[in-house]
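Inspection log for the structure reproduced underneath, given as structure tokens.
Proteins come first, then strands; the chains are lettered A, B, ... in the order of their sequence lines, and each starts at number 1.
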Amino acid sequence: MTHIGLPHFLTISAILFALGIFGIVTKRNAVMLLMGIELVLNAANINFVAFSRYNVLGVPLSDSRMMVGQMASIFVIVLAACEAAVALAIVLNIYKRFNTINVDEVDNLRD
Amino acid sequence: MHQFLVDLFGQNVVPYIIVCALPLVFILVFALLAILGELKLSAFMQHRVGPMEAGPYGLLQPLADIIKLMQKESIRPLKASRWLFQIAPFLVFVGSFAAFAVIPFSPFYIAADLNVGVFYIIAVSSIVVIGIFMAGWASNNKYTLFGGIRSVAQIISYEIPGGFVVLAVVMMAGTLSMQGIIEQQGGGFWNWYIFGGPKAIATHSFITGHDIATPGSWLSLLLIPLMLLATLIYYVCGLAETNRVPFDLPEAESELVAGYNTEYSSMKYAIFYLAEYANMFVVCAIAVTLFLGGWHSPLPKFIVQYLGADSHIWLGLEGLFWFIMKSFVLVLVQILLRWTLPRLRVDQLMHLCWKIFLPVGFVLVIVVAAWITFVAPRPEPAAKAGGDVNTPKVVAPPVARPLAGK
Amino acid sequence: MDIRLTLSLVILVLPLFGFAVQLILGKMKTPADYVVDPHENPAHDHGHHANTADAHTADHTQPAADAPHDAIGTVTHDIHTAHSDHHYDFVVTKQRGEWTPADQKRAYSLSWISTAIMGICLALALFVAYKTISDPGDATKPNYYPKVQASTTWMDFKDLSTSSIKQSYTVTLGILADNMAAIMLVVVTLISFLVHLFSSEYMREPSMHGGRFNRFYAFLGLFTFSMLGIVIANNLLMIYIFWELVGLSSYLLIGFWYERPAPQYANKKAFIVNRVGDIGMFTGIMILYTQLGTLELTKVFDMLAAGHIPFGSNPWLTAAGILLFCGAIGKSAQFPLNVWLPDAMEGPTPVSALIHAATMVAAGVYLTARIFPLLTGDAMLFVAAIGAATAIIAASIALVQTDLKKVLAFSTVSQLGYMVLALGVGAFSAGIFHLVTHAMFKACLFLGSGSVIHQMHHSLHHLHDHDRDPQDMRNMGGLRKKMPVTYLTMLIATLAISGIPLFSGYMSKDEILAGAWAFRNISPTFIANAVWIIGYTVAGMTAFYMFRMIFLTFWGEPKASDIYEHIHENPRVMVAPLIVLAILSLWIPFGANPLNPGGGWFLSTWVKTPINVTPAAVQPFAGMAHEVPHEAAPEAKPEGGKAEAMAPFQETIEHEVHHLHSTGIPGVASLPALLSLLVAGSGILLAFLLFGRAGAKGQQVSWEAPRGIRAFLFNRWYQDNLYEKIFPVGLTLLLMKMLAWFDQNVIDGIVNGVGSSTVLLARVTAGFDTYVVDGLVNLLGGTAQFLGLVMRQIQTGRIQTYVVYVILGVVVLFFAFR
Amino acid sequence: MKLFPKVLGILVVLAAVGGFIAMDIPLYDKIFYIFAAICVGSGAFVVFSRNIAYSAFSLLFAFFGVAGIYVLLGADFVGVSQLLIYVGGILVLFLFGMMLTSNIDKLREERPTMGRLLPGVIVASAICALLISVAWGVPAWRKAAVQVPTKGTNTTSLIGNLLMGDYALLFVASSIAILVALVGAAMIARSDRLSPEDAAERM
């Protein structure tokens with residue numbers, strides 16, 4: 001009999017989410033920001049998969065309803081890949097243009 | 001000892017340990033053999049005698065090399081990144097070693113018959129990429145850095161056509177499980193996927209006498225050259241992914257000293273070496289699994305069945321024999337190629353991948369999908385290779401698959 | 001899936017494919033390689049240019065054509081940029097030896113892929129339209145149901161719904177096929193195809209495309225994709241998504257010549273003004289979604305018909321309708337937001353034809369038609385009023401414009417006002433009909449103007465004249481002898497837009513006017529009367545200014561004979577679209593009898609007014625006791641008890657229109673048509689007297705700075721100035737003045753008071769001065785600084801700070817409402 | 001002596017590991033805790049390390065731990081996808097991005113100021129506390145039972161069928177998204193092409 005339940009997974013996810021948010025808020029390097037975002041996305045994915053694993057409604061679900069969480073996480077992963085590609089391309093362009101990827105220094109649009 | 005372990009972990013972990021330890025031993029032995037083979041074959045091809053001093057005919061030369069390596073001082077460059085430099089070789093080795101979890105050595109020996117086995121191998125091989133990158137970067141040396149970047153670019157590029165070819169086989173097999181794919185190829189070499197798989201040739205009455213062919217199934221014969229090509233592509237992609245000649249640009253000694261492992265010495269260098277050989281074997285084992293029938297013998301029955309022995313042990317041993325023999329032959333070809341072909345240029349490398357292999361891979365997947373949809377015989381998969389061909393129906397005993405059961 | 005839907009999807013995706021092909025394979029240049037420079041013009045290797053090159057080499061000390069320019073050269077080019085601003089439609093670029101004739105050839109041949117794709121789309125669209133229109137449809141369903149539609153659930157929030165909200169929330173994606181969508185498919189793909197064809201010649205020279213020939217085609221493909229998405233979407237979310245995509249592609253195309261400041265300004269303006277409308281549209285969507293839980297149009301209508309009114313109150317429903325219509329106000333350049341469309345003419349002329357005349361701006365009308373069943377009586381009155389206001393304002397401005405494209409631009413705004421007016425008065429099919437006919441003749445007019453401008457440009461280019469404006473009608477005149485095909489096609493389109501019988505505009509416009517008349521008859525309110533009068537007034541004004549344009553451009557004596565000499569007819573690939581569109585501007589594609597507007601098959605069979613699903617109390621004409629005619633066959637009744645309550649509206653208006661038509665001789669022009677013919681005829685006559693007659697005054701007038709009413713009209717009723725005064729200048733300045741007053745009187749007063757008392761007290765005791773007063777002042781400063789510091793942290797422009805606020809907001813909201 | 005603290009540290013670690021192994025909880029729980037520790041530990045390292053390279057490489061372990069957690073949750077396909085795409089794709093992208101935008105000497109970020117650190121700490125701890133309290137505060141979640149698809153543990157075929165069935169439109173849409181993202185990324189990132197003359201000059 002295992003003691004691990006849904007809240008355990010949610011806790012891990014919460015901690016990862018908080019770490020990601022901390023990274024996003026405190027870092028100045030654009031690549032580091034992206035890493036923080038990936039952590040946040042991973043946390044969300046853990047939640048998706050965890051909720052698809054545990055039955056919180058109390059009624060039996062069909063297979064396809066059960067898989068909704070996993071499907072969502074797969075699409076999140078796919079879109080994360082898109083996001084990373086585009087973001088890195090933008091970062092490279094910024095580097096070419098400004099010779100830095102420090103987000104505080106790339107502020108030409110600020111008044 | 002056994003009881004102690006059971007007490008300690010609260011569960012019988014001995015099978016796990018065995019399953020984990022066997023590939024490790026295998027890698028060590030294989031590396032010794034492969035190094036020896038490389039030395040001797042290069043000598044043969046260059047009309048030399050090769051190592052002759054250590055042991056009879058120099059058979060102990062690899063052992064001597066290893067001992068020499070172990071004795072050397074482990075040097076870490078002053079400006080190298082301290083932790084990453086240490087971790088990198090192990091990461092590379094872990095990536096190669098993890099793949100052994102799903103390599104089906106015989107009908108009864110596979111560490112974990114995952115239902116995403118093929119996918120899993122492709123995934124864990126990306127850890128190797130990171131490890132190589134880490135090694136190249138952490139050494140803080142321009143040659144290692146270039147080697148690392150080249151290696152990563154090359155491995156990632158060649159993963160794509162390789163993946164397409166694998167996808168074609170997976171589509172035909174309808175499963176991602178390694179054992180599942182092998183089990184479909186039983187009953188003779190014409191059922192191997194290198195010849196188009198169980199549904200291509202076997203459905204033709206002029207070969208097997210069975211008549212489950214659908215109208216127009218002669219189109220299936222077109223699969224044979226296609227899958228031969230696919231095998232070739234996979235094998236070449238495998239060469240590129242292991243950074244072997246003619247794709248050894250990351251280690252090109254004339255340009256980059258020794259690529260990403262320039263700064264490594266002693267045991268860490270040995271571990272890189274080991275990982276490279278393990279990787280070679282993994283690539284060849286996958287090729288054998290996907291295209292060459294895995295542990296099946298080339299003839300309809302296992303030899304031990306012709307001899308009358310039908311026990312699990314004999315079948316398992318013969319499966320092991322066939323699997324390792326096939327893999328060794330492929331490894332041998334890799335070694336021969338190393339001493340035969342010159343190195344490619346970078347642009348040739350990329351041209352080959354993106355402009356030749358990738359379109360061919362696309363076409364392959366589309367043709368196979370069309371074939372599955374329109375041509376392949378509809379009967380359920382159980383009737384695949386012809387009913388009376390006596391493939392051994394193998395069911396692994398539970399102890400060999402400790403992770404499979406909950 | 002139904003074949004029509006499948007083909008619709010194919011039609012949708014093909015232009016996107018064209019977009020990708022052009023982007024990936026096309027040869028692109030970076031902006032740095034191209035510098036605006038009309039004077040130091042290296043030989044583009046046009047044949048005729050080479051002759052005069054010798055004469056100019058001495059003046060310009062120009063380096064060899066293919067030598068790369070140095071950095072100093074680039075700087076001087078930037079100075080010339082300002083000089084070339086007034087040079088209206090064209091960018092003359094200088095290349096650094098990269099865009100070779102081989103590149104040109106490659107880009108040119110590559111563009112045919114996109115054109116071919118549009119041809120395929122057109123063929124498929126025709127097939128889809130044939131299949132759809134020939135399908136009788138399901139008579140048991142309410143008539144706002146499309147012939148076929150398919151949806152898939154994207155998100156289902158059923159499990160998240162709490163006890164306070166009963167219904168489920170879903171987000172679906174889906175497409176539909178009905179007659180309106182099918183006709184729009186044909187219109188969009190047809191115009192897009194012709195514009196692709198036209199552009200292949202129009203944009204051919206490097207001086208026109210600035211090295212971005214394929215990017216132009218890519219953007220055209222992107223636009224077509226987005227527009228088709230709006231057409232076939234069956235839910236508000238997808239319409240909204242493609243709505244924004246259309247906005248984006250319009251932005252890209254308006255600013256295609258982004259080297260010059262004017263297009264940069266114009267595309268920003270278009271984008272920002274559209275956002276204002278889109279906020280309204282989004283709010284409308286959200287009102288419906290929060291209350292109904294679905295965005296699929298048929299479901300929304302079903303729920304409304306079943307009595308699920310937003311917040312249970314009719315004013316909210318009216319508000320939702322008006323807010324959704326706000327999107328149309330922005331996109332179709334209706335009255336308060338009509339300022340962007342004329343500026344959008346900064347884009348290349350084919351773009352103006354495709355986007356800003358024929359398709360995108362009609363998307364607002366299309367949206368209004370899609371949401372038509374949920375408009376209450378008040379909302380429709382609002383729509384009609386907006387349409388009428390737009391029509392009269394734009395038409396009056398068009399009377400005095402001197403720029404060829406500006407006349408057409410204001411005419412477009414005015415005609416869009418007509419369409420919106422038609423929807424507002426309930427003449428649904430007339431509005432859609434006018435949308436289609438207008439797309440044809442206005443695209444013809446724009447492409448024709450493009451043809452004229454192209455030749456003008458060539459001529460000016462040949463003369464090395466960079467001061468005169470190729471779009472100004474004051475430089476034209478007498479062109480019909482030089483460009484007969486362009487003249488004839490534009491004349492046909494002009495007759496069509498003026499509403500002359502035998503042309504398409506007559507049929508659609510008169511139907512609108514009849515609708516307005518019927519509206520006025522049924523509910524004789526002030527607004528209805530005004531709408532009716534404005535409708536007829538604008539008809540006359542349209543005829544006047546369009547013929548003024550024809551007379552000034554094509555008739556009379558050439559006003560600049562040096563330009564005139566070098567003008568000749570354009571090549572076939574440019575005039576062929578004109579001919580096609582001119583043929584489509586005749587009456588024959590739309591109805592058999594050219595004199596009977598109501599009898600065309602478009603109106604009688606293809607597009608039906610959808611039933612209104614609003615509650616009976618707020619339906620149009622709810623208060624008007626107009627008897628329902630017995631002969632009107634009540635078809636397509638919706639199920640449920642609402643059927644009786646919903647029937648009257650469209651039958652009332654159709655009956656009244658029928659009644660108006662039947663007063664004349666059967667099958668021939670009726671009373672509204674006769675009146676409109678009279679008005680249009682007098683407009684044409686006036687234009688002829690003022691501008692067309694040999695020796696007419698208008699022909700010789702060289703306009704100086706306009707005064708009086710003409711200045712008022714020429715400056716667009718000072719609407720732009722007003723907005724500029726109100727929003728950026730007025731409000732901000734007012735705020736600044738208030739703050740300055742506060743600063744000078746309050747803060748300065750305090751400081752001065754403190755200062756003087758300090759002086760006083762300093763004489764008494766220095767210690768007090770040192771410790772107390774200085775302390776006070778420092779405290780004040782410190783507090784201000786601290787406050788400033790705190791307030792500045794709130795908006796840093798860094799996304800990370802905003803993340804902090806978002807998270808804190810979530811936490812606070814959670815604990816506040818747990 | 002520097003040896004003593006090292007030995008002590010090793011002993012402590014060994015004791016902790018031994019104690020953990022000997023703990024009387026099911027193997028599933030132990031594995032969960034191991035993966036959780038990997039996740040959280042390397043996630044924290046990603047965020048707290050000031051060396052970008054260390055962060056990037058420890059992101060590998062974070063992804064790996066998350067993949068392990070997916071597998072523990074019975075989502076083996078998602079787990080392997082995570083490994084393949086995140087480790088093989090996204091992480092490599094990050095590494096290239098890091099590599100191409102900074103050299104090895106500039107990889108250390110300067111110490112974050114209090115003005116950055118404080119909101120980060122507050123926000124992160126607040127959201128962490130909030131999420132954890134929610135996770136443990138819903139009784140239905142604490143009692144939630146494991147559900148397994150009726151087709152056994154083979155999620156691959158289920159996912160395959162759903163992708164081609166219920167989620168077909170999304171599948172196609174995401175593939176279009178990938179296409180657009182790739183084209184866009186290539187468009188954005190590719191450097192200006194050289195003209196033949198310039199190229200010759202540079203040679």
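- Contacts between A:Phe75 and chain D at a heavy-atom distance below 4.5 Å involve the side chain alone, from C-beta outward.
- For the pair D:Leu117 and A:Phe22, the minimum side-chain heavy-atom distance is below 4.5 Å.
- The contact between A:Ala80 and chain D is made by backbone and side chain atoms together, counting heavy-atom distances below 4.5 Å.
- Of all the listed residues (A:Ala14, A:Gly69, A:Ala30, A:Ala85), the one sharing the greatest number of non-hydrogen pairs under 4.5 Å with chain D is A:Ala14.
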For residues 60-71 of chain D, tabulate all N or O donor-acceptor pairs below 3.5 Å that involve a side-chain atom, not counting sequence neighbours.
none

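- In terms of non-hydrogen atom pairs under 4.5 Å with chain D, the most contact-rich of A:Gly23, A:Ala87, A:Cys82 is A:Cys82.
- A donor-acceptor contact shorter than 3.5 Å is absent between the side chain of A:Asn93 and the backbone of A:Ala89.
- Interface residue A:Ile77: backbone and side-chain heavy atoms are both found under 4.5 Å from chain D.
- Put simply, of D:Val78, D:Ile127, D:Ile132, the one with the most heavy-atom pairs under 4.5 Å next to chain A is D:Val78.
- Here the side chains of A:Phe48 and A:Val68 are not in contact, with every heavy-atom distance at 4.5 Å or above.
- For A:Leu16, the part lying under 4.5 angstrom from a heavy atom of chain D is the side chain only.
- You'll find the side chain of D:Thr155 reaches within 4.5 Å of the side chain of A:Met67, heavy atoms only.
- A:Ile12 is not listed as a side-chain neighbour of D:Phe35, based on a closest heavy-atom distance of 4.5 Å or more.
- Interface remark: D:Phe94 contributes backbone and side-chain atoms alike to the contact with chain A (heavy atom separation under 4.5 Å).
- The candidate from A:Ile24, A:Thr26, A:Leu6, A:Leu10 with the greatest count of non-hydrogen atom pairs under 4.5 Å with chain D is A:Thr26.
- Both the backbone and the side chain of D:Leu170 come within contact range of chain A, with heavy atoms under 4.5 Å apart.
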What do the steps show when you test D:Phe57 against D:Leu95 for side-chain contact (heavy atoms from CB on, under 4.5 Å), and what is the final call?
CA-CA 8 Å; D:Phe57 284 116; D:Leu95 288 173; 3.9 Å; yes
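- For A:Ile74, the part lying under 4.5 angstrom from a heavy atom of chain D is the side chain only.
- Only the side chain of A:Ile21 comes within contact range of chain D, judged by heavy atoms closer than 4.5 Å.
- Closest approach of D:Ile122 to D:Ser125, counting heavy atoms only: O-OG, 3.0 Å.
- Interatomic distance, D:Ile38 CD1 to D:Tyr33 OH, rounded to the nearest 0.5 Å: 15.0 Å.
- In this structure, the portion of A:Ser52 lying under 4.5 Å from any heavy atom of chain D is its backbone and not its side chain.
- In this structure, the portions of D:Ala75 lying under 4.5 Å from any heavy atom of chain A include both its backbone and its side chain.
- The distance from atom CD of A:Gln70 to atom CD1 of D:Ile159, rounded to the nearest 0.5 Å, is 5.0 Å.
- Contacts between A:Ser64 and chain D at a heavy-atom distance below 4.5 Å involve backbone atoms as well as side-chain atoms.
- Ranked by heavy-atom pairs under 4.5 Å with chain A, the first of D:Phe48, D:Phe96, D:Phe171 is D:Phe48.
- Counting heavy-atom pairs under 4.5 Å between each of D:Val123, D:Leu91, D:Val121 and chain A puts D:Val121 at the top.
- For A:Leu39, the part sitting under 4.5 Å from any heavy atom of chain D is the side chain, from C-beta outward, and nothing else.
- Contact of D:Val138 with chain A is not made at all, since no heavy-atom distance falls under 4.5 Å.
- Between A:Val31 and A:Leu33 the shortest side-chain heavy-atom distance does not fall below 4.5 Å.
- Proximity of the aromatic rings of A:Phe51 and A:Phe9 is defined here by a centroid distance below 6.0 angstrom, and this criterion is not met.
- In this structure, chain A has a heavy atom under 4.5 Å from the side chain of D:Leu59, while its backbone stays farther away.
- Annotation: side chain of D:Gln82 is in contact with side chain of A:Asn42 (closest heavy-atom distance under 4.5 Å).
- In this structure, the side chain of A:Arg53 does not engage the main chain of D:Val146 through any donor-acceptor pair within 3.5 Å.
- Contact count against chain D (heavy-atom pairs under 4.5 Å) is highest for A:Asn45 among A:Leu79, A:Val91, A:Ile94, A:Asn45.
- In this structure, the portions of A:Met35 lying under 4.5 Å from any heavy atom of chain D include both its backbone and its side chain.
- For the options A:Thr11, A:Leu92, A:Leu19, heavy-atom pairs under 4.5 Å to chain D are most numerous at A:Leu19.
- At a 4.5 Å heavy-atom cutoff, D:Ser42 makes no contact with chain A through either its backbone or its side chain.
- Of the possible polar contacts, none joining the A:Tyr54 side chain to the D:Leu73 backbone as a donor-acceptor pair under 3.5 Å is found.
- Both the backbone and the side chain of D:Leu163 come within less than 4.5 Å of a heavy atom in chain A.
- Contact annotation for A:Asn47: neither backbone nor side-chain heavy atoms come within less than 4.5 Å of a heavy atom of chain D.
- The CZ atom of D:Phe77 lies 10.5 Å from the OG atom of D:Ser157; values are rounded to the nearest 0.5 Å.
- Chain A forms the most heavy-atom pairs under 4.5 Å with one residue out of D:Ala129, D:Ala126, D:Pro119, D:Ser55, and that residue is D:Ser55.
- Both the backbone and the side chain of A:Ile90 have a heavy atom closer than 4.5 Å to some heavy atom of chain D.
- Residue contact with chain A, scored on non-hydrogen atoms closer than 4.5 Å, involves the backbone and the side chain of D:Ala56 alike.
- Residues D:Val92 and D:Gly88 share a closest heavy-atom pair of CG2-O, 3.4 Å.
- Side chains of A:Glu83 and A:Leu34 form a contact here, defined as non-hydrogen atoms less than 4.5 Å apart.
- Contacts with chain A were tallied for D:Ser81, D:Ala181, D:Ala36; D:Ala181 has the most, counting heavy-atom pairs under 4.5 Å.
- Between chain A and the options D:Gly165, D:Gly89, D:Ala44, heavy-atom pairs under 4.5 Å are most frequent for D:Ala44.
- Contacts between D:Leu93 and chain A at a heavy-atom distance below 4.5 Å involve backbone atoms as well as side-chain atoms.
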